[in-house]
Amino acid sequence: MAPVLPLVLPLQPRIRLAQGLWLLSWLLALAGGLILLCSGHLLVQLRHLGTFLAPSCQFPVLPQAALAAGAVALGTGIVGVGASQASLNAALYPPWRGVLGPLLVAGTAGGGGVLVVALGLALALPGSLDEALEEGLVTALAHYKDTEVPGHCQAKRLVDELQLRYHCCGRHGYKDWFGVQWVSSRYLDPSDQDVVDRIQSNVEGLYLTDGVPFSCCNPHSPRPCLQNRLSDSYAHPLFDPRQPNQNLWAQGCHEVLLEHLQDLAGTLGSMLAVTFLLQALVLLGLRYLQTALEGLGGVIDGEGKTQGYLFPSGLKDMLKTAWLQGGVACRPAPEEAPPGEAPPKEDLSEA
């Protein structure tokens, strides 16, 4: 039975293959380390921004899977460096002969599977961020006023920090604050007729104003921040509501966070794709190097030509052999006569 994808490897090509694998293995280990750093950075970002994602959002699974993929790539790269270096030294290779095969199987099945899963998540999950951010920001803005409500005491601080750090205001713009009550009822005077009129002006009984929190103000603006009566053209004669970026952050937090998280996911996905390619090359090269050396009985500097291959026989033959062996193993053994009983004798007719 002919091996799958055989490759003749004399001494000099074996040496060049081992040297190339040594370099590729270091690149794979470096890529695995970078994935660990990027996925760790994304996890830290999500710890701060998780409040603004819907509870059902699965995006945080991506950096967790990427951490596992980075660790696998780092381990595979270190193994590749050791094995390729040992293949050039007759004194170092014998301990690798018994473990290199199982390591290749584990790296291909386990490590390759983890990388494929992480790469698939990097391609699929960023698409769910749009709705998750929309739902999460609606909830965050609605609880901005609940500074004394258990479970939402930190909502105001988190939203203010978000708008100041990412230079954004509201979900899609500063006017989103006009539709939510962002002033706590504790600070409203129930005897003030203006407060009563505003509360009675909507069916939900909310105190709605055409103002925004202080964190929407752009500190780079040369004029004092205008937070209240933004839709009243007579209240601020020199303020043009068509150009709010002169005084308030122009972008909504939804767009800013969506672009930020998708950029991080895109960078991580690109690194996972490069790492997958490097790991495939390293595992293939190690397999060819291992089988070539086994053909020489593990002699590193053997002058004879030998073949490296992926599988010792064709896939069809391997499946056929496995099927036949399984059929023989499952075939019932012939029944034996109970002890003490002689097999029946045939009656011989007299001639």
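Grouping the Ile, Leu, Val, Met, Phe, Trp and Tyr side chains by contacts below 4.5 angstrom, directly or via other members, places L257 with L158. A chain of hydrophobic side-chain contacts below 4.5 Å, direct or via other Ile, Leu, Val, Met, Phe, Trp or Tyr residues, connects V183 to V195. Hydrophobic clustering of Ile, Leu, Val, Met, Phe, Trp and Tyr side chains at less than 4.5 Å, counting indirect connections, keeps L34 apart from L74. Note on M271: it clusters hydrophobically with V116, by side-chain heavy-atom contacts below 4.5 Å among ILVMFWY residues. The hydrophobic cluster containing V81 does not contain L36, counting ILVMFWY residues as joined when their side-chain heavy atoms lie under 4.5 angstrom apart, directly or transitively.
Side-chain contact between L162 and L137 is present, with heavy atoms from C-beta onward closer than 4.5 Å. Side-chain contact check for L21 versus Y288: every heavy-atom pair is 4.5 Å or farther apart. I199 has its side chain out of reach of L206: every pair of non-hydrogen atoms, C-beta onward, lies at least 4.5 Å apart. Looking at L248 and L230, their side chains come closer than 4.5 Å, going by heavy atoms from C-beta outward. In this structure the side chain of H41 reaches within 4.5 angstrom of the side chain of L264, judged on heavy atoms. With contacts defined as side-chain heavy-atom distances shorter than 4.5 Å, the pair V72/L115 does not qualify. Within the 4.5 Å cutoff, the side chain of N247 has no heavy atoms near those of the N218 side chain. Looking at heavy atoms from C-beta onward, H254 lies in side-chain contact with E134 at the 4.5 angstrom threshold.
The number of heavy atoms from other shown groups lying within 6.0 Å of CD (E161) is above 12. Within a 6.0 Å sphere centred on CZ of F276, other residues, nucleotides and ligands contribute 12 heavy atoms or fewer.
Contact detail for W249 and H220: the closest heavy-atom pair is CH2-CD2, 4.4 Å. Between V180 and L141, the closest heavy-atom pair is CG2-O, 4.3 Å. Nearest approach of L278 to A31, heavy atoms of both residues: CD1-CB, 4.2 Å. Of all non-hydrogen atoms in R198 and T209, the two that sit nearest each other are NH1-CA, 3.8 Å. Between P126 and Q262, the shortest heavy-atom distance links the atoms O-NE2, 3.5 Å. Across all their heavy atoms, L46 and L261 have their closest contact at CD2-CD2, 4.2 Å.
Between H260 and Q45, the side chains place a donor N or O and an acceptor N or O closer than 3.5 Å (distance only, hydrogens not considered).
Rounded to the nearest 0.5 angstrom, L49 CG and F59 CZ are separated by 10.0 Å. Here the straight-line distance linking atom CG of L30 with atom OG of S25 works out to 12.5 Å at 0.5 Å rounding. Atom-to-atom distance recorded for L24:CG and L277:CG is 9.0 Å, nearest 0.5 angstrom. Residue L121 holds its CG atom at 9.5 Å from CG of L272, rounded to the nearest 0.5 Å. Remark: L268 CG to C38 SG distance equals 6.5 Å, nearest 0.5 Å. Distance CG/L62 to CG/L125: 6.0 Å, rounded to 0.5 Å.
SG atoms of C253 and C168 are separated by less than 2.5 angstrom, consistent with a disulfide link.
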Stepwise side-chain contact (heavy atoms from CB on, under 4.5 Å) test for V159 and Q163:
CA-CA 6 Å; V159 172; Q163 295 188 143; 4.2 Å; yes
Derivation and outcome, side-chain contact (heavy atoms from CB on, under 4.5 Å), residues N228 and D210
CA-CA 6 Å; N228 301 312; D210 54 349; 5.7 Å; no
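Looking only at distances, a side-chain donor or acceptor of D176 sits under 3.5 Å from a matching main-chain atom of G173. Side chain of H152 to main chain of Y144: no donor-acceptor pair is present (N/O by atom type, distance under 3.5 Å, no hydrogens or angles). No donor-acceptor distance shorter than 3.5 angstrom exists from the side chain of Q181 to the backbone of L208, with no hydrogens or angles considered. Looking only at distances, no side-chain donor or acceptor of K156 sits under 3.5 Å from a matching main-chain atom of C153. Remark: the backbone N or O of H172 is not paired with any side-chain donor or acceptor of E255 at under 3.5 angstrom.
Taking C217 as the reference, C225 meet the disulfide (SG to SG under 2.5 Å) condition, with sequence neighbours excluded.
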